[in-house]
Amino acid sequence: MQSNCFFSMLRVASSSVLLGGARYYSTATKGGPSIAGVGDIIAVASGKGGVGKSTTAVNIAVALAQKFKLKVGLLDADIYGPSIPTMMNLHAKPEVSEDMKMIPVENHGVRCMSIGFLVDKDAPIVWRGPMVCFCMCFC
């Protein structure tokens with residue numbers, strides 16, 4: 001199967017560039033909100049649980065990092081059941097830099113950050129609306 005099949009699911013807008021011999025489509029708007037140092041964002045979301053969002057996100061991230069040699073970060077925003085540490089086989093806690101920023105943990109060429117790194121694996125977590133919003137503002 002050709003590599004451009006992988007990116008056919010990303011075709012949403014008319015803006016495109018070549019990436020590793022495959023056509024890549026971006027929905028980013030010029031002049032819109034941005035994150036310093038981040039070129040593109042791929043969001044994997046669904047209103048239903050158990051449909052493979054984390055699996056899809058991990059597969060896309062690892063493919064981009066290994067096949068296309070891109071710098072890739074993966075943010076696990078699943079507050080209630082973070083699974084990225086398990087899927088990426090990561091067991092270390094992120095280190096904290098001198099300026100009090102967490103340094104992502106890396107495996108398979110993907111830098112990962114997850115709430116799963118900050119709590120014990122089997123510890124129950126009770127989140128309420130304001131706490132979830134506050135947590136995501138700092139991730």
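Note that these values count all heavy atoms, side chains included, but never hydrogens, waters or copies made by symmetry.
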Could you pull out all residues at least two apart from Lys69 that satisfy side chain to side chain contact (heavy atoms under 4.5 Å, CB included)?
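Residues passing side chain to side chain contact (heavy atoms under 4.5 Å, CB included) with Lys69: none at all.
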Could you tell me which non-hydrogen atom of [X] sits nearest to which non-hydrogen atom of [Y], and how far apart they are?
X: Met88; Y: Val58; answer: SD-CG1, 3.6 Å
X: Gly73; Y: Val110; answer: C-CG1, 4.4 Å
X: Ala92; Y: Phe117; answer: O-CD2, 3.7 Å
X: Met102; Y: Pro94; answer: SD-CG, 4.2 Å

To the nearest 0.5 Å, tell me how far [X] [atom1] sits from [Y] [atom2].
X: Leu64; Y: Gln66; atom1: CG; atom2: CD; result: 10.5 Å
X: Ile41; Y: Leu75; atom1: CD1; atom2: CG; result: 10.0 Å
X: Lys93; Y: His91; atom1: NZ; atom2: NE2; result: 12.0 Å
X: Ile115; Y: Ile84; atom1: CD1; atom2: CD1; result: 13.5 Å
X: Ser83; Y: Asp78; atom1: OG; atom2: CG; result: 6.0 Å
X: Ser114; Y: Leu74; atom1: OG; atom2: CG; result: 8.5 Å

Is a side-chain N or O of Lys71 found less than 3.5 angstrom from the main chain of Arg111, in a donor-acceptor match?
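Answer holds: no.
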Taking the side chain from Lys53 and the backbone from Ala45, do they hold a donor-acceptor pair closer than 3.5 Å?
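Flag not set: sc Lys53 to bb Ala45 has no pair under 3.5 Å.
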Same cluster for Val72 and Ile103 if Ile/Leu/Val/Met/Phe/Trp/Tyr side chains link at under 4.5 Å?
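Unlinked, Val72 and Ile103 end up in two clusters.
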side-chain hydrogen bond (donor to acceptor under 3.5 Å, both in side chains) against Ser46, all qualifying residues, sequence neighbours excluded:
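So Ser46 forms no side-chain hydrogen bond (donor to acceptor under 3.5 Å, both in side chains) with any residue.
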Qualifying residues under side-chain hydrogen bond (donor to acceptor under 3.5 Å, both in side chains), relative to Thr86, sequence neighbours excluded
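In terms of side-chain hydrogen bond (donor to acceptor under 3.5 Å, both in side chains), with neighbours along the sequence ignored, Thr86 is linked to no residue.
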